[in-house]
Amino acid sequence: MKRILNYINGAFAAPIKGSYLKLYNPALGLVYAEAPDSDEADMQLAIDAAQKAFPAWSNLTTDKRHEYLSAIAQKITDNLEDLALAESIDNGKPLALAKAVDIPRASSNFKFFANAITQFSSEAHEMKGTAINYTLRKPLGVVGCISPWNLPLYLFTWKIAPALAAGNTVVAKPSEVTPMTAFLLAEICIEVGLPKGVLNIVHGLGEKTGAVLSAHPQIKAISFTGSTKVGGAIASIAAPLFKKLSLEMGGKNPNIIFADCDYEKMIETTLKSSFANQGQICLCGSRILIEKSIYEKFKNDFVERTKALKVGNPLSEDTQVGAVVSKPHFDKIKQYIDLAQKEGGNLLCGGKAVKPQGHEEGWFIEPTVIEGLSMDCRTNQEEIFGPVVTLIPFETDAEALALANESNYGLSATIWTQNLNRAHQMADEIEAGIVWVNTWLMRDLRTPFGGMKNSGVGREGGLEALRFFTEPKNICIDYTKHKLNS
Ligand code: NAD
């Protein structure tokens, strides 16, 4: 059985206590590997290594840091096939998705921040004839990055790349549910000769390893992506220690469909925004609001296309919906489907476990569409994070807006309309950090990424990430009294 290891001070390290966690292949429901069940002592080694590496790494020229990060980006691209396969086996996602999205994006994350750091500048504020202020952007020191299981390498690198680019050294903790590609990233870092201690990857349970990282006095900032509950727990520990915090958390995103939309584009994209990655994307549009005049047509077409989605072996080229990530998550999704029916929801399709041939023990769930629920019920308020969407009709723009905003979450929203004024007005008033009009998941890495309300604090992406991972220091020079020699 494959055993993965921590990556500390430039080398692989077994957990000090020798304890390991089981890793499951969700498509088979079987243990296939094991990962360190690290504790405080392992974390301390990683933090010490990062601390020691900080002076040299933070004093490197940006050109040199650019070279290291570009080399990592290139290696990820070179290893696309192996990384995608590992991601699919570890997570249950379709291999085709890992090849097309997860791994290319992990490479882009490094490439983007390798380039961004060479363009990062700070401000000067002149007090005419009196003084000049200039602002330095100093790296923070050792920072912690904690990531979830739904887009394992994609989100792990989205945090690590800007942290390293800005001159910090990093201790990173991937999800214990899907740590395999983080381990493979460590191999890449060794291959490209990343100086030891600059990046350290410690595997283990959130409440054990992750909590140590969040509470550690030497960690200057925590960049976290995961559930709102855990984000709150981290904030309660890290905030009183005055650590910088970036929290990217859950979503219950509205997908608002007006009758005047480009229908074919909308329905094709809505299938993806509902069920891509088994609905396990924080940006999935799980609350579908439909203008009443096209409700019945949409419902029939959408259900028909949902039923046609191919659920099965993630490694098959034609699979559209793979396995959900774990048995506990499978059970949670099933409980929500039961709850939706208890709350009075009408199951239009899906709802059952699927047992594809040769994968009878895997954790597959049919894509599920439910109607007939009010916005205030638990099904429409809580994040299910699975292949489950609800349909809700509306009559006016104002009603659509009110329904969309009736949520404690505020991560993203999608609006489908050809009416420019409506699009701008809705986009302006909707309570979400990211709004897509006539598209979904279109990303420009320069733009701010993050949520409002219970979906997040702070923004990632582009210069926002480089600002988060640096501390501004203003220097004011008074030059009034100096007389120029003539
Ligand atoms: P999770 O919150 O359970 O775990 C996320 C990470 O935090 C894991 O590495 C976990 O080990 C760690 N962790 C758990 N308890 C901890 C603690 N007490 N202290 C420190 N670290 C701890 O989330 P998950 O189940 O892995 O991922 C799914 C969630 O992530 C969903 O809510 C989803 O919406 C969210 N998510 C948000 C975004 C975004 O950008 N906003 C992106 C992807 C996923």
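All values derive from a computational prediction rather than experimental measurement. One is the number of the first residue; the rest follow in order along the sequence.
Judged by the 6.0 Å distance and 45° axis criteria, R459 is not positioned over the aromatic ring of F468. Remark: K297 qualifies as a cation-pi partner of Y263 under the 6.0 Å distance and 45° angle criteria applied to the six-membered ring. Geometrically, R3 engages Y20 in a cation-pi contact, judged by NZ or CZ lying under 6.0 Å from the ring centre and within 45° of the ring axis.
Relative orientation of the F12 and F183 rings is tilted, given thresholds of 30° and 60° on the angle between their planes. Between F298 and F302, the ring planes are parallel. Angles under 30° get that label, and only those over 60° would be called perpendicular.
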(message) Set out, in order, the CA-CA distance, both residues' side-chain angles and the distance that settles side-chain hydrogen bond (donor to acceptor under 3.5 Å, both in side chains) for Y336 and E382, then state yes or no.
(response) CA-CA 9 Å; Y336 269 110; E382 297 176 14; 2.5 Å; yes

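Side-chain contact of S38 with N6: a donor-acceptor pair under 3.5 Å is present, judged by distance alone. Side-chain polar atoms of E87 and Y154 form no donor-acceptor pair below 3.5 angstrom. In summary, the side chains of N253 and S286 do not present any donor paired with an acceptor at a separation below 3.5 Å, with no hydrogens or angles considered. Side-chain atoms of K453 and N408 form no donor-acceptor pair, as typed in the model, at a separation below 3.5 Å. Side chain to side chain, Q74 and D78 meet the donor-acceptor criterion of an N or O pair below 3.5 Å. Side-chain polar atoms of N91 and T178 form no donor-acceptor pair below 3.5 angstrom. With no hydrogens or angles considered, a side-chain donor-acceptor pair links T417 and R422 at under 3.5 Å.
K332 NZ: more than 12 foreign heavy atoms inside a 6.0 Å radius. Within a 6.0 Å radius of NZ in K310, more than 12 heavy atoms belonging to other residues, nucleotides or ligands are found. The neighbour count for K334 NZ, taken as heavy atoms of other residues, nucleotides or ligands under 6.0 Å away, is above 12. R446 CZ: 12 or fewer foreign heavy atoms inside a 6.0 Å radius.
Counting only heavy atoms from C-beta outward, the side chains of F258 and M426 approach each other to under 4.5 Å. Residues F156 and N109 fail the side-chain proximity criterion, which asks for heavy atoms closer than 4.5 Å.
E176 and L23 make their closest contact through O-CD2, 3.5 Å (heavy atoms, listed as atom of the first residue, atom of the second, distance). In plain terms, the two heavy atoms of L184 and A86 that are nearest each other are CD1-CB, 3.6 Å. Scanning both residues, V324 and P26, for their nearest heavy atoms gives O-CB, 3.2 Å. For the pair D260 and W416, the tightest heavy-atom approach, listed with the atom from each and the gap, is OD1-O, 4.2 Å. When all heavy atoms are compared, the tightest approach of A186 to I201 is CB-CD1, 4.2 Å.
Side-chain atoms of D90 come within 3.5 Å of backbone atoms of M180 as a donor-acceptor pair (strictly under, hydrogens ignored).
A salt bridge does not link E360 with K355: none of the charged nitrogens is closer than 4.0 Å to a carboxylate oxygen.
The residue from S147, S223, S246 that alone fulfils the side chain to side chain donor-acceptor pair (under 3.5 Å) condition with K159 is S223.
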